[in-house]
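A short worksheet on the structure shown next.
Numbers for residues simply follow the sequence, beginning at 1. Keep in mind that this is a model prediction, so the values were computed, not measured. Heavy-atom basis, side chains included; hydrogens, waters and symmetry copies ignored.
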Amino acid sequence: MIDSRQPSSIAARMLTIVGTILIVAYLLDCAIVLFPPNFLDRPWQMAFTSQIVERGILPMVGLGLIFAGYGIESNAGGGTPSNRKPFLDIKFWSLVLSSLLGLLFLLLFPLHLNNVRLDRNEKLGQITTRADQAELQVTSQVSNAEIQKEIEKQQTLVKTQLAELVKDPQKLDEAIKSGRVPKEQADLLQRFKQDPQAIDQFVQQQFNAETLSNRELSRIRGNRQQLEEQTKLTSLKSGLQTGISSLLLAFGYMAIGWTGLKNLGYVKVGRRKNVPR
């Protein structure tokens with residue numbers, strides 16, 4: 001006669017095996033990520049925390065499968081004896097592991113937030129230092145004789161190009177009407193066509209040392225602001241994503257571990273008796 005409990009027993013064992021494999025696989029992943037250890041290196045700490053938190057849901061799924069298997073087996077009448085010693089029961093060790101993981105993720109929460117803060121401040125300091133050095137270099141080059149010569153060459157070249165364009169009305173009209181020239185530049189070309197002497201004034205205004213220096217300083221400061229915003233946004237995302245996930249995992253694992261140990265009788269919580277006055 002075929003035992004009716006056999007399918008339930010097989011399903012229970014399969015769930016327990018799959019759950020155990022998920023937990024063991026996660027622990028192996030943690031060991032691989034941990035090697036080689038460099039506990040005093042902040043980038044290593046951040047990378048380690050991010051990776052184990054990202055995969056931190058796997059043991060929780062494994063625990064769910066293990067206890068689902070034991071639940072099926074218990075309903076089918078094949079549960080383990082209640083007087084079994086805790087250190088021989090996989091349920092006990094699963095709950096202990098859950099409590100330890102909860103403690104681990106709880107400790108990682110403030111550690112990661114602090115690392116993100118320090119890393120952000122360090123990167124912002126590096127951005128500021130590089131920008132200040134670039135600005136100082138630009139400022140110091142304003143009075144450089146070689147730079148002045150290069151500016152003068154550029155002025156001469158621009159004047160020559162504009163003068164040649166103005167001397168050829170047909171080519172100038174084609175450039176203006178083609179639509180390939182921006183409106184601002186087209187207005188300038190039209191102005192130069194009517195007043196060729198305006199070329200010298202325009203070149204002196206747009207291609208002098210002070211104007212070029214201010215233009216380069218504006219570019220450096222714009223890049224600095226953009227890099228600072230990107231750094232702050234990246235740090236905020238890392239802190240929120242990994243930090244909140246770590247905190248949620250901590251509460252989840254500690255709740256599973258404590259509730260399970262209490263309900264299965266592994267932890268005795270005594271009730272305070274009322275003492276008569």
Side-chain angles (χ1 to χ4, degrees), residues 36 38-51 53-54 110-166 175-176 178-192 196-244:
N38 193 2
F39 298 107
L40 299 180
D41 184 60
R42 190 187 315 126
W44 182 90
Q45 292 179 8
M46 293 177 64
F48 174 75
T49 302
S50 298
Q51 292 185 56
V53 169
E54 182 181 355
L111 176 64
H112 182 72
L113 291 184
N114 186 57
N115 283 334
V116 168
R117 179 183 63 83
L118 295 175
D119 184 69
R120 181 196 61 192
N121 293 340
E122 181 180 348
K123 289 180 178 178
L124 290 176
Q126 293 173 353
I127 292 171
T128 300
T129 301
R130 288 195 297 265
D132 291 342
Q133 291 175 350
E135 290 185 17
L136 181 61
Q137 184 179 7
V138 171
T139 305
S140 62
Q141 288 178 347
V142 173
S143 58
N144 190 296
E146 294 183 359
I147 298 297
Q148 291 291 342
K149 290 180 180 180
E150 289 295 328
I151 294 175
E152 291 175 0
K153 288 181 181 179
Q154 188 175 5
Q155 289 177 346
T156 303
L157 178 61
V158 174
K159 287 180 182 179
T160 303
Q161 292 176 345
L162 291 176
E164 291 179 354
L165 186 60
V166 170
I176 294 175
S178 63
R180 296 190 299 269
V181 180
K183 185 179 184 304
E184 183 178 354
Q185 295 182 11
D187 293 340
L188 283 173
L189 292 176
Q190 189 67 38
R191 176 188 169 192
F192 296 153
Q197 299 299 327
I199 294 177
D200 292 338
Q201 182 182 0
F202 170 78
V203 172
Q204 289 295 335
Q205 290 177 349
Q206 298 296 322
F207 296 91
N208 60 72
E210 183 178 359
T211 301
L212 294 175
S213 174
N214 292 335
R215 192 179 302 165
E216 183 65 16
L217 290 175
S218 298
R219 185 190 66 82
I220 293 172
R221 289 163 185 166
N223 289 340
R224 171 182 175 177
Q225 183 178 2
Q226 183 178 4
L227 290 174
E228 287 177 345
E229 291 176 354
Q230 290 177 353
T231 300
K232 292 177 181 179
L233 181 60
T234 301
S235 299
L236 179 62
K237 287 183 177 180
S238 176
L240 290 177
Q241 182 178 4
T242 304
I244 293 178

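Distance CG/L227 to CG/N223: 6.5 Å, rounded to 0.5 Å. Within the model, atoms CG of L113 and CG of L240 stand 8.5 Å from one another, a figure rounded to the nearest 0.5 Å. In this structure, the separation between CG on D132 and CD1 on I127 is 11.5 Å, given to the nearest 0.5 Å. Atom-to-atom distance recorded for K232:NZ and N121:CG is 10.0 Å, nearest 0.5 angstrom. In this structure, OG on S235 lies 10.5 Å from CG on L118, to the nearest 0.5 angstrom. In this structure, CD on Q133 lies 11.0 Å from CD1 on I220, to the nearest 0.5 angstrom.
Taking a 6.0 Å sphere around CD of Q241, one finds it holds 12 or fewer heavy atoms contributed by other residues, nucleotides or ligands. When the shell of 6.0 Å around CD of Q230 is examined, it contains more than 12 heavy atoms from other residues, nucleotides or ligands.
Put simply, the residue from T231, T129, D119 that forms a side chain to side chain contact (heavy atoms under 4.5 Å, CB included) with L124 is T231.
In this structure, the side-chain hydrogen bond (donor to acceptor under 3.5 Å, both in side chains) partners of E135, at least two apart in sequence or on a different chain, are R221.
Here the side chain of Q45 pairs a donor or acceptor atom with the backbone of F39 at under 3.5 angstrom.
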- Apply side chain to side chain contact (heavy atoms under 4.5 Å, CB included) to H112 and S50, showing your working. CA-CA 9 Å; H112 182 72; S50 298; 3.9 Å; yes

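Between E228 and R224, at least one side-chain N (NZ, or NE/NH1/NH2) sits under 4.0 Å from a carboxylate O, which counts as a salt bridge. The residues E216 and R219 are annotated as salt-bridged, a charged nitrogen and a carboxylate oxygen being separated by less than 4.0 angstrom.
Residues L233 and E229 fail the side-chain proximity criterion, which asks for heavy atoms closer than 4.5 Å. When side chains are defined from C-beta on, T234 does not count as touching R120, because their heavy atoms never get closer than 4.5 Å.
Heavy-atom minimum distance, T139 versus L217: OG1-CD2, 4.4 Å.
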